[in-house]
Amino acid sequence: MKLIIGNKNYSSWSLRGWLAAKQSGLSFEEITVNISGEEWEDAKKNWGDVQPSSGKVPILWDGEVVIWDSLAILEYLDDRICEEAQHARKDILAGSRFWPKDPVARGLCRSMVAEMHSAYQALRRELPMNVRRRVEGIDLSDEAKGNIVRILSLWAEARSRFGSGGPFLFGSYSAADIFYAPVVSRFMTYGIGVPKFAQAYMEAVWEHDWMQEWIAGAEEEDWRIEAFEVAAQ
């Protein structure tokens with residue numbers, strides 16, 4: 001498999017797709033492109049008919065299968081894992097590395113992931129992901145503040161009801177942690193004040209080996225997208 005991702009410093013959706021690929025345990029080749037440069041435009045032209053209509057990252061190639069959109073990538077990888085579990089005559093849900101086995105926890109996890117995938121426009125707009133930056137005293141709109149309160153309430157519910165088995169939202173690392181990892185990065189960048197339980201959760205996500213690998217890659221990048229830098233002033 002090949003996973004095409006954008007700038008590690010800025011591309012929140014690429015981070016989600018990359019973490020999903022890591023969590024899958026399947027072997028993949030990582031291809032990083034500067035989505036603001038000529039390299040990305042040239043690559044899209046060279047791909048021809050294989051290029052998805054969205055023209056965005058991340059993109060997963062698995063033989064003739066082309067998957068774009070981070071949630072679709074996660075679901076495709078989960079299917080792959082569960083198919084392998086089925087072939088090995090194992091329980092399918094036990095084969096999943098993304099969703100809790102308990103049906104109540106799994107329902108909440110799926111809902112949280114879907115909400116993250118489709119909502120929080122003010123937070124995305126006003127707090128663009130910028131792994132390398134640290135910004136103090138940012139002035140947020142009421143809508144963005146509402147987004148933050150909503151996210152913290154979901155984190156609190158997941159941790160209190162299902163988080164006893166480990167430091168992550170549902171105890172063990174799951175799709176929810178993958179999809180909220182860029183939010184953790186944003187909260188770190190802009191110094192968003194959070195309750196003690198959320199701070200402990202954020203530290204667990206930030207210190208995870210995969211996240212540290214991603215952060216190191218972001219710090220090594222020479223690419224700079226001015227629009228995101230200005231937004232972070």
Side-chain angles (χ1 to χ4, degrees), residues 12-25 70-71 73-75 77-78 81-82 91 93-124 126-131 134-135 138 140 142-215:
S12 58
W13 293 109
S14 291
L15 173 57
R16 293 182 176 102
W18 185 83
L19 287 174
K22 286 285 194 178
Q23 177 72 351
S24 75
S70 58
L71 183 52
I73 288 171
L74 184 148
E75 293 284 16
L77 293 170
D78 191 43
I81 297 167
C82 289
D91 179 73
L93 284 177
S96 175
R97 297 190 180 191
F98 297 105
W99 307 110
K101 188 172 183 179
D102 176 81
V104 179
R106 190 166 66 251
L108 178 60
C109 186
R110 286 189 180 278
S111 297
M112 288 178 63
V113 167
E115 184 167 327
M116 183 67 252
H117 188 262
S118 62
Y120 311 130
Q121 297 307 312
L123 183 144
R124 300 179 197 276
E126 298 177 35
L127 303 178
M129 193 170 90
N130 193 321
V131 176
R134 291 294 179 268
V135 180
I138 190 166
L140 297 176
D142 289 342
E143 184 181 359
K145 291 177 183 177
N147 289 170
I148 292 170
V149 170
R150 172 61 177 169
I151 288 169
L152 291 175
S153 69
L154 289 173
W155 287 2
E157 181 178 0
R159 288 292 301 150
S160 64
R161 294 177 63 189
F162 305 109
S164 61
F168 300 106
L169 290 175
F170 292 84
S172 300
Y173 199 78
S174 72
D177 305 300
I178 289 170
F179 266 72
Y180 284 87
V183 174
V184 170
S185 178
R186 286 175 161 101
F187 285 3
M188 299 282 284
T189 294
Y190 299 96
I192 303 300
V194 299
K196 187 176 181 179
F197 87 89
Q199 185 63 44
Y201 167 64
M202 288 169 55
E203 289 174 0
V205 171
W206 194 255
E207 293 170 2
H208 193 285
D209 288 346
W210 297 336
M211 194 68 182
Q212 286 296 305
E213 182 181 344
W214 182 274
I215 293 166

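Remember, it's a predicted structure, so these values are computed and weren't measured experimentally.
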Using atom types as modelled and distance alone, determine if a side-chain donor or acceptor of Ser185 lies under 3.5 Å from a backbone N or O of Met129.
-> no
Does Arg161 reach the side chain of Val104, with side-chain heavy atoms less than 4.5 Å apart?
-> yes
Taking side chain to side chain contact (heavy atoms under 4.5 Å, CB included) as the test, write out the residues that go with Val149, two or more places apart.
-> none
Minimum heavy-atom separation for Ala175 to Leu74, with atom names?
-> CB-CD1, 3.7 Å
Residues in side chain to side chain donor-acceptor pair (under 3.5 Å) with Gln212, at least two apart?
-> none
Check Ala158 against Leu108 and note the closest heavy-atom contact, atom names and distance.
-> CA-CD2, 4.1 Å
d(Leu19 CG, Ser14 OG) to nearest 0.5 Å is 10.5 Å
If every non-hydrogen atom of Ser174 is compared with every non-hydrogen atom of Cys109, which pair is closest and at what distance?
-> OG-SG, 3.9 Å
How many angstroms lie between atom CG of Asp78 and atom CD of Gln23, to the nearest 0.5 angstrom?
-> 10.0 Å
Sequence neighbours excluded, which residues qualify as ring-ring contact (aromatic ring centres under 6.0 Å, His included) partners of Phe98?
-> none
Any side-chain heavy-atom pair of Phe179 and Met112 under 4.5 Å = no
Side chain proximity check, Tyr180 to Leu154, heavy atoms < 4.5 angstrom | yes
Which value, rounded to the nearest 0.5 Å, describes the distance between Gln199 atom CD and Trp206 atom CH2?
-> 11.5 Å
For Arg124, check side chain to side chain contact (heavy atoms under 4.5 Å, CB included) against everything at least two apart and list the hits.
-> Trp13, Arg16, Met116, Gln121, Arg186
With sequence neighbours left out, what residues match Tyr120 under ring-ring contact (aromatic ring centres under 6.0 Å, His included)?
-> none
With the side chain counted from C-beta on, respond yes when Tyr190 and Leu140 share a heavy-atom pair under 4.5 Å apart, and no when they do not.
-> no
Rounded to the nearest 0.5 Å, what separation is found between the CD1 atom of Ile215 and the CD atom of Glu207?
-> 9.5 Å
Do Trp155 and Met202 come within less than 4.5 Å of each other through their side chains, counting heavy atoms only?
-> yes
Closest heavy-atom pair and its distance - Leu77, Ser24 | CB-CB, 4.1 Å
Any side-chain heavy atom of Val194 sitting closer than 4.5 Å to one from Leu152?
-> yes
Tell me which donor-acceptor pairs under 3.5 Å the side chains of residues 163-173 have, and how far apart each pair is, sequence neighbours excluded?
none

Test item: Leu15 and Trp210 side chains (from C-beta on) under 4.5 Å apart, heavy atoms | no
Mind checking whether Val131 and Met188 have side chains closer than 4.5 Å, heavy atoms only?
-> no
What's the spacing between His117 NE2 and Leu71 CG if we round to 0.5 Å?
-> 5.0 Å
Gap separating the CD1 atom of Ile151 from the CG atom of Leu123, nearest 0.5 angstrom = 5.0 Å
